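Chain identifiers are assigned alphabetically (A, B, ...) following the order of the sequence lines, protein sequences preceding nucleic acid strands; residue numbering begins at 1 within each chain. On a predicted model such as this, the values are computed, not experimentally measured, just so you know.
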2 protein chains.
Amino acid sequence: MVLFDRDGYDATTVGDIAAALGIGRRTVFRYFASKADIVWGEFDAELARLDRHLRAAPDGEALFDSLRQAVVGTNHFGAGELGELRVRIRLIDSVDALVAHSAVRYGEWRRVVAAFAARRLGGAPDDLPAETLSRAALGAATAAFTCWVRRGDDDLSDDLDRAFDLLAHGFATTDPRPGRSGSG
Amino acid sequence: MVLFDRDGYDATTVGDIAAALGIGRRTVFRYFASKADIVWGEFDAELARLDRHLRAAPDGEALFDSLRQAVVGTNHFGAGELGELRVRIRLIDSVDALVAHSAVRYGEWRRVVAAFAARRLGGAPDDLPAETLSRAALGAATAAFTCWVRRGDDDLSDDLDRAFDLLAHGFATTDPRPGRSGSG
DNA sequence: TCCATTTTGGCATCGAGTGTTATAAATTGG
DNA sequence: CCAATTTATAACACTCGATGCCAAAATGGA
């Protein structure tokens, strides 16, 4: 939304938006479940795409490779969408109300990933392995998005790949002092 | 809060709480910044403890070992506190309003961890490595808490350790088919 | 054109959160 | 022990997001 970007999210009331669109305030809440969801756009569709990617992944492929490819694959955006995406993400992780709401949306994302992990690992989606994997993957993805937005014009896929690499190799070896491997 | 547990978070208004405490509604908001913060208790103090742990970690210790020990170390609770803690965590990740608010609080947690990672890794706290590590660590910690609450009476430290192990070793090897290591 | 169905949006209400302000309580000073 | 000052309390009014209710407007047939 242009108004959010220009005047700030908190300063823009739902009434303002309704007025700008020439519709009733009440009608805004018919199209969007909440003020925050205006910023999130068609996240449901993206979730469905992620789910489709994960279900389509070849069974022989390693779990984490499938996941990374699904996440990177569902986040290819055309040049025309990038500007809007930047505004959205910047809002989502700078405005408190949106940071808060994001947890609910990201929870849906995690459920899709956890369900996939459970199918592959054999356990339940809410067992520790699937739960940890989905949450860590979410962390990697959001880290990539955040960093991408912060520094001007790099490649989003690149950041996603680098973040997922960190997860793939494990943090026991993430250390400036080479040679150590986590048995101190 | 006992009222939240008994009547539900949403069904309990701040007015109800004020009445139950025999104080004014406005006064509740002097003690707590928001309704959600009533559930979070003295999270600031826990953050400070985490920060102290991380700053006290020996410099020779591997980054991830320090982190795990700080997280596990700041989450040892006496038997008397466990019941209350369970209620809080169950509320925090089942009630939407609290899930939402948790993102803001967890953001503060992440900043502490990212600052530590940046000190060790040499980069900035908002560079991709520190950002990814802090978010993944948060994911592991919350996964452990969630699983611990879900299944009755296991050891929390145990769950934390298992979740951090998953992160430490990396997810490339997290696969039911042994022998694969993520190059497929 | 008339009727039925859906969409819209006005109105009222609830609850969280905040600024203002009067009052009660505690503290300080004489 | 009382007066003056400061601080904690809470009543009041208000904003804004969100929701229920219902009447008016648009849509779509027959």
* Salt bridge present between Asp93(B) and Arg88(B) (N-O < 4.0 angstrom) -> no
* Asked: What's the CG-C1' distance between Asp10(A) and dA16(C), to the nearest Å?
  -> 14 Å
* Asked: Taking CD1 from Ile38(A) and C1' from dG17(D), how many angstroms apart are they, rounded to a whole number?
  -> 11 Å
* Rounded to the Å, how far apart are Phe32(A) CZ and dT19(D) P? -> 15 Å
* Which whole-number value in Å describes the distance from Phe4(A) CZ to dC16(D) C1'? -> 13 Å
* Asked: Which nucleotide in the set dG17(D), dC11(C), dT8(C) lies at the smallest distance from any side-chain heavy atom of Tyr31(A)?
  -> dT8(C)
* Structure fact -> Partner of Phe171(B) under side-chain contact (heavy atoms from CB on, under 4.5 Å), picked from Leu63(A), Leu133(A), Asp65(A), Leu67(A), is Leu133(A)
* Asked: Do the side-chain N or O atoms of Thr27(A) get closer than 4.0 angstrom to the phosphate oxygens (OP1, OP2) of dG9(C)?
  -> yes
* Asked: Of the nucleotides dA18(D), dG10(C), dA10(D), which has the atom closest to the Arg30(B) side chain?
  -> dA10(D)
* To do: Would you confirm whether Lys35(B), through its side chain, and Phe29(B), through its main-chain N or O, come within 3.5 Å as a donor-acceptor pair?
  => no
* To do: Using whole Å, report how far CD1 of Ile17(A) lies from P of dC16(D).
  => 12 Å
* Asked: Counting side-chain heavy atoms from C-beta on, which of dG17(C), dA18(D), dG15(C) comes nearest to Phe29(A)?
  -> dA18(D)
* Side chain of Arg25(A) - closest among dA18(D), dT18(C), dG9(C) -> dA18(D)
* To do: Measure from the side chain of Lys35(A), starting at C-beta and using heavy atoms only, and say which of dC11(C), dA10(D), dA18(D) lies closest.
  => dA18(D)
* Using only heavy-atom distances, determine whether the side chains of Ser66(A) and Arg120(A) contain a donor-acceptor pair under 3.5 Å. => yes
* Whole-Å distance between dG9(C) P and Arg26(A) CZ? -> 11 Å
* How long is the line joining CG of Leu98(B) and C1' of dA16(C), in whole Å? -> 13 Å
